[in-house]
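One structure below.
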Protein chains: 2
Amino acid sequence: MPTSTFFNLPQEKRNKLLSAIKDEFSRVPFDEVSINKIVHAAGIPRGSFYQYFTDKNDVLCYLLSDFRQEILGMARESMKKSGGDLFQLFSELLDFTLAFASQEQVNGFCRNLFADIRVNSSLYPKQPGKTAQEAAFRELSPLIDRGAYALQGEDECFLLVKILLLIYLDTVTNIFLNPQNASVIRTQYDQTLALLKRFMTKEKE
Amino acid sequence: MPTSTFFNLPQEKRNKLLSAIKDEFSRVPFDEVSINKIVHAAGIPRGSFYQYFTDKNDVLCYLLSDFRQEILGMARESMKKSGGDLFQLFSELLDFTLAFASQEQVNGFCRNLFADIRVNSSLYPKQPGKTAQEAAFRELSPLIDRGAYALQGEDECFLLVKILLLIYLDTVTNIFLNPQNASVIRTQYDQTLALLKRFMTKEKE
DNA sequence: ATTGACGTATGACAACCTGTCATATATAAT
DNA sequence: ATTATATATGACAGGTTGTCATACGTCAAT
């Protein structure tokens, strides 16, 4: 998070800096963001930047914290309206996000942010229709015991595999980041699988 | 992917380079990886590196393609043994991944890789027990209509929200990367929500 | 054996980047 | 008026990257 010095800045100066930051984050993906370019555009000396932020990451955190606030606010609204319908919430959440992101300046930022996640992980090659998920599914598909699950058609089977992949990836990531919590996270993983299994497995006749 | 020149390299030289690459990718997260350090450690001139790889990303792709192969191989095995049990597969998958990653050199690499994804996204602050997921859940939890879902206890409710969040995030990412496919991806999202809803919603009495 | 063609190797170069630090300046407090 | 504290500044050291003109080695055909 930015230092207090940053928040004490005269409005005008802070806005100019913020605008420069957003422009730069919209221009290129995160790892190509240049602090040099930011300070130049904002017309502040290089040293000042480091008075406000410790580093590029710090800036990103700040930008995202705003975004998170917006999302949460919207979520509360939706839940109130629907009387607590989770699925309704997540349906609206996507609309909201896309609407939010389609603002001129925000759009480039989002694109670069997400491009970054994906490219860095490189688990998701870019060719549409040829994602790693789809490739993996095509490999596994013929091996799946089709009779076992209460799924309607090939499509739903794909969706289930996709869900499982997401959970798997998230778990692995979590464990690497918090090795000390590995066993808790592992347990949660097993529980999640069990939960899905309970609902998706066809009753034996 | 590396150029053919790279694969034509004499074994010894290629191995030395590969080893240097793995060391460097184990040392620091992706965006701090230094091609300079790699070529120095491998004892090859700087220009040569660019003869083989176009760039850092290229190297990562190559490293990950190996990894993906291993995973896929294991998956086929598991499916054969279990007769196509998806949940069994994903349970074993995590074990396999963690075992694979606990090899000395691989471990650092994995840690850095995943750290990168997370830190860059910054949606996942580091404090254990205080992930964005958990924070979001605590916010939403009281608003959820507890009677609506066939879930057992608070824990399962949390797991469901977590799953929904993963799917949401994945969808948003996908749309930003393939805006031209937005509507297809959107449809898939809706289908996934519907699928989960069908199973998780309690029958009305 | 000479010539050319091709793939490969090389390292100097220009252009950029970052984080720090000693110094200067402003602002407030005694 | 003096001291303390907060902020501003920009030069600097040490790094990075990708390119390119040049040099090398090998193989084939004249």
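Within every chain, numbering begins at 1; the chains are lettered A, B, ... in the order of the sequence lines, protein sequences first and strands thereafter.
- Using a 4.0 Å heavy-atom cutoff across all strands shown, Lys13(A) reaches sugar-phosphate atoms only and no base atom.
- Residue Asn8(B) places at least one side-chain N or O closer than 4.0 Å to OP1 or OP2 of dT8(C).
- In this structure, the CD atom of Gln51(A) is 17 Å from the P atom of dT18(C), given to the nearest Å.
- At whole-Å resolution of the value, CG in Asp31(A) and C1' in dT18(C) are 15 Å apart.
- Distances shown here put a side-chain N or O of Ser48(A) below 4.0 Å from the OP1 or OP2 atom of dT9(D).
- Neither side chain, Glu92(A) nor Ser82(A), offers a donor N or O lying under 3.5 Å from an acceptor on the other.
- Using a 4.0 Å heavy-atom cutoff across all strands shown, Phe6(B) reaches no nucleic acid atom at all.
- Phe53(A) comes within 4.0 angstrom of no nucleic acid atom, judged by non-hydrogen atoms across all strands.
- A donor-acceptor pair shorter than 3.5 Å can be found between the side chains of Tyr168(B) and Thr97(A).
- Note on Asp190(A) versus Lys197(A): no salt bridge recorded, every NZ/NE/NH1/NH2 to OD/OE distance being 4.0 Å or above.
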Open item on the list: As a quick check of understanding, evaluate ring pair (Phe, Tyr, Trp, His ring centres under 6.0 Å) for Phe90(B) and Phe96(B), giving each step before the final call.
Closed with: CA-CA 10 Å; Phe90(B) 274 88; Phe96(B) 177 80; over 10 Å; no
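- Atom C1' of nucleotide dT8(C) and atom CZ of Phe49(B) are separated by 16 Å, given to the nearest angstrom.
- Among the heavy atoms of the strands lying under 4.0 Å from Thr5(B) are primed sugar atoms or P, OP1, OP2 only; no base atom is included.
- Summarising the geometry of Glu156(A) relative to Arg198(B), their closest heavy-atom pair is OE2-NH1, 2.8 Å, with the distance given to 0.1 Å.
- Remark: Arg46(A) is in phosphate contact with dT18(C), judged by side-chain N or O atoms under 4.0 Å from OP1 or OP2.
- Val39(B) comes within contact range of no nucleotide atom at all, as no heavy-atom separation falls under 4.0 Å.
- Atoms NZ (Lys16(B)) and P (dA9(C)) sit 15 Å apart, rounded to a whole Å.
- Nucleotide dT17(D) holds its P atom 13 Å from the CG atom of Asn57(B), rounded to whole Å.
- The distance between atom OH of Tyr52(A) and atom P of dT7(D), rounded to the nearest whole Å, is 9 Å.
- Between the NE2 atom of His40(B) and the P atom of dT10(C) there is a distance of 15 Å, given to the nearest Å.
- Between Ser34(A) and Gly47(A), the one whose closest nucleotide on DNA chain C sits nearer the 5' end is Ser34(A).
- Lys37(B) has a side-chain polar atom (N or O) that falls below the 4.0 Å cut-off from OP1 or OP2 of dT16(D).
- Note on Tyr50(B): every side-chain N or O is 4.0 Å or more away from OP1 and OP2 of dA9(C).
- For the pair Asp55(B) CG and dT16(D) C1', the interatomic distance rounds to 14 Å; values are reported in whole Å.
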